[in-house]
Structures are given as C-alpha cells and as structure tokens.
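Structure, as structure tokens:
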Amino acid sequence: MSKATSFIVEDRLMMSRANSSFITVTNVIPHGVKTYGCCACCYAPEICPGCAILPCMRDPKYIVKEMEASKYIYVRENSLEWNAHIMIQKEGNCCGSSCCYFRAQDNVNVIYFDDPLFDQISNQTPCCHDISTWCFGGEGELIEINSKFFFGMCYRAIPPFICGVPCCCRCCCKPFMISSEIQVDNAVEAIRDIKEARDNAKARMQIS
C-alpha cells in the first residue's frame, strides 16, 4: 500500500489538503428542518402537488422526504460545504418535464476559509422566529456569510455591479450580491463551530 501524501497548493494554501486522495470532513453541522404552519394538517396528493398552496396542505410526502434527505452542512478541513438544494419538476413528457411530480435538485456550495466572505458570519434569524414558524412554517434558523462594507449597509456585488443595498429592495439586489445564506438548526452553535474551524485552519496553514 502506498503511503498517503499531502496535496499542497503553493499559490493558495487554503486549497491544500492533508491527503491527496480525499478531503477530510471534520464536523457536521445540523441543518434546518422544514416545518409547516399550524394549519397544515395533511400532505398534498402525489398526483396533485399544487394543492400544497392551500394553508391546510403540506407538500407531497415523497418530495418532503427527498428534500430533507438531500440536506447537509459539512465543515471540511479547510472549507465549508453545504447543499442548498431546490425543488424542481421531475423529468417527463411535457416539454421535458412532468406536470405532476417533483424532485430535489442539488445545489452544492463550497467556500474556503481564506475567502473574505468569512470576515463576517452573522445570525439573521428574525426575533419572531418561533412564532412565525409556528404560524407559517419555516426552514430552521438562518446564518449569513458575507463581506459587507460602509458600516455594514452595503454588500459587495458581482461585476459589473459595484454594490448591493438590500434595505432598498433585497429581492432585486440578491441575485448579484456576494453573500451566502444557510439554514441551520441552531444559529449560535453553527456560527461558533464555523468560526472555530476557520481560525484553526488559518493557524494550521499559517495564514494571517
């Protein structure tokens, strides 16, 4: 058996890993769990998922299970990885899509700990989270990873945009703002674990 060798990227040390054959997962952060409002008492029929628009209906049971099974948040040796999956129409015969069935589409994100985004990790869970979740449902508590400036009022943006000011219209600015939102089970504990992993990685790689 050959001896494991490390993989070093001289131009960006944080991209390195202890073993060239795999990336080590050092911690698993509990993800947020989808819950429904107090009025939602039954699942929508599989062949009629549109019924979930009614306050008393949940999404079809099969897609709820698949969406929950697709969630994960991994603290890796030098980075954070999570699956911000979305629900899309399943493949079918109507212009390539199904009219009745859905599936989970993976949307995996990775941010390395030397990224300036990690300068700010904040708890964006609303103060009325428990009440709103009981009334309308939710996806867990919310943390945001970003690199704001101008007294925290502006987000850095993807060129050709210069910045985004979400207080004006967050829905319009969000597509080009450089930030990441993650639904977690406990925001305070998640932020603590992520910051600790970031600081340990920087110390290990001797990055200031």
Side-chain angles (χ1 to χ4, degrees), residues 12-18 23-37 67-86 104 106-158 163-168 170-171 173-208:
R12 189 178 177 188
L13 288 175
M14 198 61 78
M15 300 286 288
S16 306
R17 52 183 184 266
I23 298 175
T24 304
V25 174
T26 61
N27 193 9
V28 178
I29 295 178
H31 58 71
V33 177
K34 173 75 172 180
T35 57
Y36 293 86
M67 293 288 283
E68 288 301 313
S70 301
K71 294 179 179 179
Y72 68 83
I73 307 171
Y74 293 156
V75 177
R76 312 192 310 183
E77 52 188 297
N78 292 329
S79 60
L80 182 70
E81 176 184 330
W82 72 97
N83 191 9
H85 62 293
I86 57 176
D106 293 329
N107 180 26
V108 177
N109 297 264
V110 177
I111 304 180
Y112 284 83
F113 289 135
D114 63 345
D115 193 301
L117 280 180
F118 273 111
D119 291 346
Q120 297 182 37
I121 310 173
S122 58
N123 184 354
Q124 295 296 318
T125 306
C127 58
C128 57
H129 171 72
D130 292 338
I131 296 176
S132 63
T133 299
W134 185 82
C135 293
F136 309 109
E139 297 270 359
E141 297 186 3
L142 180 67
I143 65 173
E144 184 179 57
I145 302 172
N146 59 58
S147 182
K148 295 180 184 177
F149 63 101
F150 195 63
F151 306 106
M153 297 175 59
C154 297
Y155 286 76
R156 303 186 192 283
I158 299 172
C163 66
V165 186
C167 60
C168 297
R170 187 174 180 84
C171 294
C173 296
K174 191 173 181 178
F176 58 84
M177 291 191 311
I178 302 177
S179 68
S180 296
E181 295 180 346
I182 309 175
Q183 300 283 355
V184 299
D185 180 60
N186 186 302
V188 174
E189 293 181 1
I191 292 173
R192 180 199 63 203
D193 291 346
I194 292 171
K195 285 184 175 181
E196 182 179 357
R198 175 202 61 190
D199 295 342
N200 289 341
K202 285 187 173 183
R204 183 175 64 255
M205 305 306 295
Q206 299 181 351
I207 298 175
S208 57

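Keep in mind that the numbers below use all heavy atoms, side chains included, and drop hydrogens, waters and symmetry copies. The residues of the chain are indexed from 1 along the displayed sequence.
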- prompt: Closest heavy-atom contact between S180 and I111?
  reply: OG-CD1, 3.6 Å
message: Please give me the minimum heavy-atom distance between N123 and I191, naming the atom from each residue.
response: N-CD1, 3.5 Å
- prompt: So, do I207 and F113 sit near enough that their side-chain heavy atoms are less than 4.5 Å apart?
  reply: no
task: Report yes if the side chains of I145 and L80 come closer than 4.5 Å at any heavy-atom pair, otherwise no.
output: yes
- prompt: Of all heavy-atom pairs between S70 and N83, which one has the smallest distance, and what is that distance?
  reply: O-ND2, 2.9 Å
- prompt: OH/Y155 to CG/L117 distance, rounded to the nearest 0.5 angstrom?
  reply: 11.0 Å
- prompt: When rounded to the nearest 0.5 angstrom, what distance separates CD in Q183 from CH2 in W82?
  reply: 12.0 Å
- line: Residue set satisfying ring-ring contact (aromatic ring centres under 6.0 Å, His included) with Y72, at least two apart, ordered chain then number -> Y74
message: Between N109 and I182, is there a side-chain heavy-atom distance shorter than 4.5 Å?
response: no
field: Nearest heavy atoms of G32 and E68, plus distance in Å
entry: O-OE1, 4.1 Å
Among R198, M15, R204, side-chain contact (heavy atoms from CB on, under 4.5 Å) partner for N78: R204
S122 vs Q124 side-chain heavy atoms within contact, under 4.5 Å: yes
task: Write down the atom of S16, the atom of M205, and the distance for their closest heavy-atom approach.
output: CB-CE, 3.9 Å
task: Take atom CZ of F149 as the centre, draw a 6.0 Å sphere, and report whether it contains more than 12 heavy atoms from other residues, nucleotides or ligands.
output: yes
- line: Residues at least two apart in sequence or cross-chain that pass salt bridge (charged side-chain N to carboxylate O under 4.0 Å, His left out) with K34, listed by chain then number, are E139
- prompt: If you look at every heavy atom in N186 and E189, which pair is closest and at what distance?
  reply: OD1-N, 3.0 Å
- prompt: In Å, rounded to the nearest 0.5 Å, how long is the span from NZ of K71 to NE2 of H85?
  reply: 5.5 Å
field: Gap separating the CG atom of L142 from the CD atom of E181, nearest 0.5 angstrom
entry: 5.0 Å
- prompt: Partners of E81 by salt bridge (charged side-chain N to carboxylate O under 4.0 Å, His left out), sequence neighbours excluded?
  reply: R76
- prompt: Measuring from I73:CD1 to N27:CG, what's the distance to the nearest 0.5 Å?
  reply: 10.5 Å
task: Any chance you could measure E77, atom CD, to M14, atom CE, to the nearest 0.5 Å?
output: 10.5 Å
